[in-house]
Amino acid sequence: MNFVLSDDQLALAGGIRALCSGRFALERLRSREGASRVVDAADWEELGRAGVFGIRASEEHGGLGLGMAESVVVFEELGRSLIPGPLVASALAAGLVDGALDGTVMVGSVTRPESGMPTLVANLDSLGILVVVDDEGLALVDPSSLNAKPAERSLDPLTPMWVVNGDLPAGKRIGGPEGAVGWRYGEALLTSAQCVGLAAVSLEMAVEYSRSREQFGRPVGSFQAIKHMCADMLLRVELARVAVHAAAVIADDPEVGDPIRAMAGATLLAVEAALENGRKNIQVHGGMGFTWDVPAHLYLMRARVLEHACVSGESLAETVAKNL
Amino acid sequence: MNLRYSQAEDEFRAGLRAWLAEAVPSLPPKPPLGDWPARRIYDTGWQHKLHEAGYAGIDWATSVGGRGATPVEQLIYLEELERSHAPYVGVNFVGLLHAGPTISVEGTPEQQERFLPPILRGDEVWCQGFSEPNAGSDLASLRTRAVRDGDEYVVNGQKIWTSHAEVADFCELLVRTGPEDSGHRGITWLILPMDTPGIEIRPLRTISGTTEFAELFLDDVRVPVANRVGDQDDGWRVTMVTLSFERGTAFVSELFQSMELLHDLRDASERSGHWADPQIRRRIGHLGAELDALWALVRRNVSEAGQGTVPGVGASIFKLGLSELRQRIGELGMDLLGPYGLVWDDIDGPWSSGSPSSPDSPGSPVLRSGELVSTWVHGFSRTIAAGTSQIQRNIIAERILGMPKEPRR
């Protein structure tokens, strides 16, 4: 047993981090706040060239031929860097939708809501294909066929939302119910990995600020009230990260654990960590945390977006309880 | 990154499991919690069996008589002992996890030869003389004085939280040899034979009603200088070595116990009807997710230890997470008991009937209501003993996150 990242996995993470801090630096991303297209086609193809959408696709089909373990390593980095756009849907669609893997087609997804409930779709203007997920399976929908209105303002300024009028079209069915099960499972793991990244950055920002901000003649980070908050933030990050790593290893090698229980538990802890660390980061920053300029809020708002991208139906905690 | 055990690890597990399947059922009944002389006989008897089978000092180096197992094998060992409901390390704790490892690293060859084999065999029992009434979290402020007199130290002072002192043969004792205000620079680590004249032991009654701890009063107690581990005034460094062993895999057994307890509570909640309440289901599921994550964290820490990465960092995180979680499992047990938790007596109910939760673990007991009460009450000690949760958070913030230190002496 060797439950630590391999050298190759570390190198993969390092490569993605370099790409993110270069082309997708936060200042550049922030210049798109509130725009209806936050990532352009060239950005998306760049992510495709880096292999982000084809991690698990075989090499003969242009993918990296790796596993879920490598996928969560990459997606934690994408989460850290607040990379916007339908990353998870496009990665899951590789092999199902032409052009998803190399990033020439941006694929989004949405869960079909219960009848009578309004539907929100993210990044609609940029999408080439929309995957609609329901209990029957997956359906491909032409995004331009939707009768949808852009939201005046979206909670996450880097995730523009559209409100759909009426029910979603039936679309073109691909596969049966098992397709939806697999999609939701992969969606939960990749989204959880992004949440770990968000939670980690929220902690790092809080610690850095608490070291430099002085009150009462000393750094606020020397006070236990702040320290203990940060220690709890680290506990959340560490538990969420190992849970996501374990769930991914089990996804690749189902004999070493219970894939459903591991996925549900990891998702539960990762979403909680992203939300709670996002809140605490704002608190540690004091008044500055409530300003638009300080990006603390962006990590919390993204956590809200991701929460709804992977939690649907039965509560994750109940799934764990039933599979104990 | 993988969670697969190697063939050698699987073989180690199989051999241990086969031995435990014979050894555990042949044990006498467990003595009552408060009967320390009986507990000493029971716990040291088990240690003797482990020693005969080659499983004593699993984590100790072979050079000092241990098995020199890899970190992963140590984990398998703890997992299999828990699975077979083998006795807890009990009165052997301080010897096997504190004093022994410390002497094996810091002791002289004579001390190693004298003190280590009896610990491994279960012949001698140790207790801990670290904390004092005015030196708890701030251990370095301890005031028990030792004054050199020829080949001996003359020790005067008071210690507290000394588990099983009345049945111990030796005490790992921290004393002040430097000036009163010397802090961590004036401390010395001594081996105190418990039959030395001048030691008075007074049991402390805990909130669970048992006498798990004692106070030690030391009045002109003479300790040979030959019993000093490390140099005079260098005891703080030795103590940090001691505590690093405690924070290794010392709490892993408790993780397995907690998971088994949660399984049993889940089954009990189905029998009692509490399962129909989604809030109860979610509490159980959340606790389960956290326990699974702590188990993953243990395997991460053990894998890092196997690569030579210094442990300790992950250990504080693990200790904080597990002890806080343990309390919440205790609360769940009390909530399931309802009014039946108002007495320590075992009362029959949905929790105590039905089949054991894990058919593959032989002898899995059904829950006793009095034990659930005990689990809840004992939970309060978890976030205090071996470094309070607040001290753990300080350690995490200052040593892992690099946050500024608080002003201290």
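The sequence lines fix the lettering, A, B, ..., with proteins before strands; numbering per chain opens at 1.
- Of the residues considered (A/Glu204, A/Glu272, A/Met233), A/Glu272 shows the highest number of contacts with chain B, using heavy-atom pairs under 4.5 Å.
- Interface remark: B/Glu324 contributes no atoms to any contact with chain A (heavy atom separation under 4.5 Å).
- Ranked by heavy-atom pairs under 4.5 Å with chain B, the first of A/Leu268, A/Val244, A/Ile250 is A/Leu268.
- Side chain of A/Lys227 to main chain of B/Ile395: no donor-acceptor pair is present (N/O by atom type, distance under 3.5 Å, no hydrogens or angles).
- Top candidate by heavy-atom pairs under 4.5 Å with chain A, chosen from B/Ala296, B/Ala397, B/Ser269, B/Gly321, is B/Ala296.
- Between chain A and the options B/Ile284, B/Leu294, B/Leu291, B/Asp292, the largest number of non-hydrogen pairs under 4.5 Å is found for B/Asp292.
- Contact count against chain B (heavy-atom pairs under 4.5 Å) is highest for A/Val4 among A/Asp8, A/Val4, A/Val73.
- At a 4.5 Å heavy-atom cutoff, the contact between A/Leu239 and chain B is made by backbone and side-chain atoms alike.
- Proximity to chain A at a heavy-atom threshold of 4.5 Å picks out B/Trp275, B/Pro278, B/Arg281 from residues 272-281 of chain B, in numerical order.
- Separating the CG atom in B/Asn2 from the CG atom in A/Asp252 is a distance of 11.0 Å, to the nearest 0.5 Å.
- Put simply, the side chain of A/Asp232 reaches to within 4.5 Å of the side chain of B/Leu320, judged on heavy atoms.
- Most heavy-atom pairs under 4.5 Å with chain B, from the set A/Val207, A/Ile226, A/Leu5, A/Val242: that is A/Val242.
- If you measure heavy-atom distances from A/Val249 to chain B, the contacts under 4.5 Å come from the side chain alone.
- In this structure, CE in B/Met1 is found 8.0 Å from OG in A/Ser6, a value given to the nearest 0.5 Å.
- The structure places OG of A/Ser222 at 9.0 Å from CD of B/Glu398, a figure rounded to the nearest 0.5 Å.
- Using a 4.5 Å cut-off between heavy atoms, B/Glu406 contacts chain A through both its backbone and its side chain.
- Contact annotation: the side chain of A/Ser210 approaches that of B/Met403 to within less than 4.5 Å [non-hydrogen atoms, C-beta and beyond].
- Highest contact tally toward chain A, considering only B/Arg283, B/Met259, B/Arg299, B/Lys405, is held by B/Arg299 [criterion: heavy-atom pairs under 4.5 Å].
- Between chain B and the residues A/Glu70, A/Met229, A/Arg241, A/Gln9, the most heavy-atom pairs under 4.5 angstrom are made by A/Gln9.
- Note that CD1 of B/Ile391 and CD of A/Gln224 are 7.0 Å apart. Values are rounded to the nearest 0.5 Å.
- B/Asn394 touches chain A through backbone and side chain together, each having a heavy atom under 4.5 Å away.
- Contact annotation: the side chain of A/Leu269 approaches that of B/His286 to within less than 4.5 Å [non-hydrogen atoms, C-beta and beyond].
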(request) Decide yes or no on side chain to side chain contact (heavy atoms under 4.5 Å, CB included) for A/Glu238 and B/Arg300, but give the supporting numbers first. (result) CA-CA 10 Å; A/Glu238 290 295 318; B/Arg300 163 92 10 121; over 6 Å; no
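- With a threshold of 4.5 angstrom between heavy atoms, B/Glu290 approaches chain A through its backbone and through its side chain.
- For A/Glu208, no part sits under 4.5 Å from any heavy atom of chain B, backbone or side chain.
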(request) Could you walk me through whether A/Met1 and B/Arg4 pass side chain to side chain contact (heavy atoms under 4.5 Å, CB included), step by step? (result) CA-CA 5 Å; A/Met1 185 184 71; B/Arg4 261 190 192 268; over 6 Å; no
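- For the options A/Cys230, A/Ala69, A/Gly67, A/Ala243, heavy-atom pairs under 4.5 Å to chain B are most numerous at A/Cys230.
- A/His228 has its side chain out of reach of B/Ile396: every pair of non-hydrogen atoms, C-beta onward, lies at least 4.5 Å apart.
- Counting non-hydrogen atoms of neighbouring residues, nucleotides and ligands closer than 6.0 angstrom, the CD atom of B/Glu270 exceeds 12 such neighbours.
- Both the backbone and the side chain of A/Leu324 have a heavy atom closer than 4.5 Å to some heavy atom of chain B.
- Of residues 253-261 of chain A, those residues lying under 4.5 Å from chain B by any heavy-atom pair are A/Asp253, A/Glu255, A/Val256, A/Arg261.
- Heavy atoms of B/Arg266 lying under 4.5 Å from chain A belong exclusively to its side chain.
- Atom-to-atom distance recorded for B/Leu401:CG and A/Leu203:CG is 5.5 Å, nearest 0.5 angstrom.
- Interface remark: B/Leu75 contributes side-chain atoms only to the contact with chain A (heavy atom separation under 4.5 Å).
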